[in-house]
Visitor: 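Right, I'll just put the structure down here and ask away after.
Naming convention: chains lettered A, B, ... in sequence-line order (proteins, then strands); numbering from 1 in each chain.
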Amino acid sequence: MDICQFCSKKSPAVTKLDPDELKILGDSCVEVAFSKGDIIFKQNALSSNVIFIKEGLVKIHVAGPEKEQILKVSKGPTYLGIPTTFGDKINHYSATALVPTSVCFIDINVFKEFIKINSDFAYEVIVDLCKDELNQFERCVNLVQKQIHGRLCGTLLYFSEDIFQSDFIEMPLNRNELADLICTSRETVSRLLSELNKEQIIQISGKRIKLLDMDKLKQISLKG
DNA sequence: GCATTAACCACAG
DNA sequence: CTGTGGTTAATGC
């Protein structure tokens, strides 16, 4: 099969593979379609695949000591399970589809082999992991040092800029999940959203959120 | 003290 | 699943 060779959603790493390697990847790769709410992989389960989100939106989450914690929301195309696949035998987090999502499961041994024989591939994988770690560091500082107004507005901006590339958000998380993402309670999320709505900074109708006053949002996001 | 922040509980759509 | 109101604990002038 040549499913990988002609795929338009190649990761930067995979663009460094030659046709033979692409064929090997294609032969070992399985593409699966998930619906909204489906679990792609589960915390504490054995993992033997690198996961690549070809298209869609996914939340990465862990069952923390106190409650559920959403680590991040990521949009395809992107790798997703590299740390959890290479870092340990079992998954340290779960991944759940937030919208219809198409996922490639890549055999870990094939992936390992590419890292060994193709340094450009390996380099791109490292770049990917580094970028992600930088993002997580930033998120960590924001979570710890910003107040809730800042965290929520920052999250709205993230969805607007990085996920939807639009000032209109079709929020895929409910209020509870939003709270789990920014470490607060669902009541607080509700309250703050209606406050922002009242102040004409955003416009809410259920899951649809329109960002009206970008400058205000950025300001609140910054000063926390 | 007094104000602010945000969590928890309860209850109603 | 959401939005609100009341209560309360912690923290900062």
Visitor: Measuring to OP1 and OP2 of C/dC1, would you say a side-chain N or O of A/K207 lies under 4.0 angstrom away?
Guide: no

Visitor: How long is the line joining CD1 of A/I182 and C1' of B/dT5, in whole Å?
Guide: 14 Å

Visitor: Within this structure, what is the CG-to-P distance between A/N174 and C/dC1, rounded to whole angstrom?
Guide: 6 Å

Visitor: Using whole Å, report how far CD of A/E66 lies from P of B/dA6.
Guide: 18 Å

Visitor: Looking at A/K54 and A/E31, is any side-chain nitrogen of the basic one under 4.0 Å from a carboxylate oxygen of the acidic one?
Guide: yes

Visitor: Quick check for you: to the nearest 0.5 Å, what is the distance between A/E177 atom CD and A/I182 atom CD1?
Guide: 12.5 Å

Visitor: B/dT5 C1' sits how many Å from A/K146 NZ, rounded?
Guide: 18 Å

Visitor: On the 0 to 90° scale, with breaks at 30° and 60°, tag the A/F41-A/Y93 ring pair as parallel, tilted or perpendicular.
Guide: tilted

Visitor: Name the nucleic acid region contacted by A/S185, choosing base, sugar-phosphate or nothing; use a 4.0 angstrom heavy-atom cut-off, strictly under.
Guide: sugar-phosphate

Visitor: Measure the distance from NE2 on A/H149 to P on B/dT5 and round it to the nearest whole Å.
Guide: 7 Å

Visitor: On the nucleotide C/dC1, are OP1 or OP2 found under 4.0 Å from the side-chain N or O atoms that A/R186 carries?
Guide: no

Visitor: When the distance from CD of A/Q147 to C1' of B/dA3 is rounded to whole Å, what number comes out?
Guide: 13 Å

Visitor: To the nearest Å, how far apart are A/N197 CG and C/dT4 C1'?
Guide: 15 Å

Visitor: For C/dT4 and A/S190 - does any side-chain N or O of the residue sit under 4.0 Å from the phosphate oxygens OP1/OP2?
Guide: no

Visitor: Hey, does the side-chain of A/E187 have a donor or acceptor N/O within less than 3.5 Å of a partner on the base of B/dC9?
Guide: yes

Visitor: Just say parallel, tilted or perpendicular for the rings of A/F111 and A/F86, cut-offs at 30° and 60°.
Guide: tilted

Visitor: Can you find a side chain N or O atom of A/T188 that sits less than 4.0 Å from OP1 or OP2 on B/dA7?
Guide: yes

Visitor: Whole-Å distance between C/dT2 C1' and A/R191 CZ?
Guide: 12 Å

Visitor: Indicate the ring-plane relationship of A/F105 and A/F34, choosing parallel, tilted or perpendicular according to the 30° and 60° boundaries.
Guide: tilted

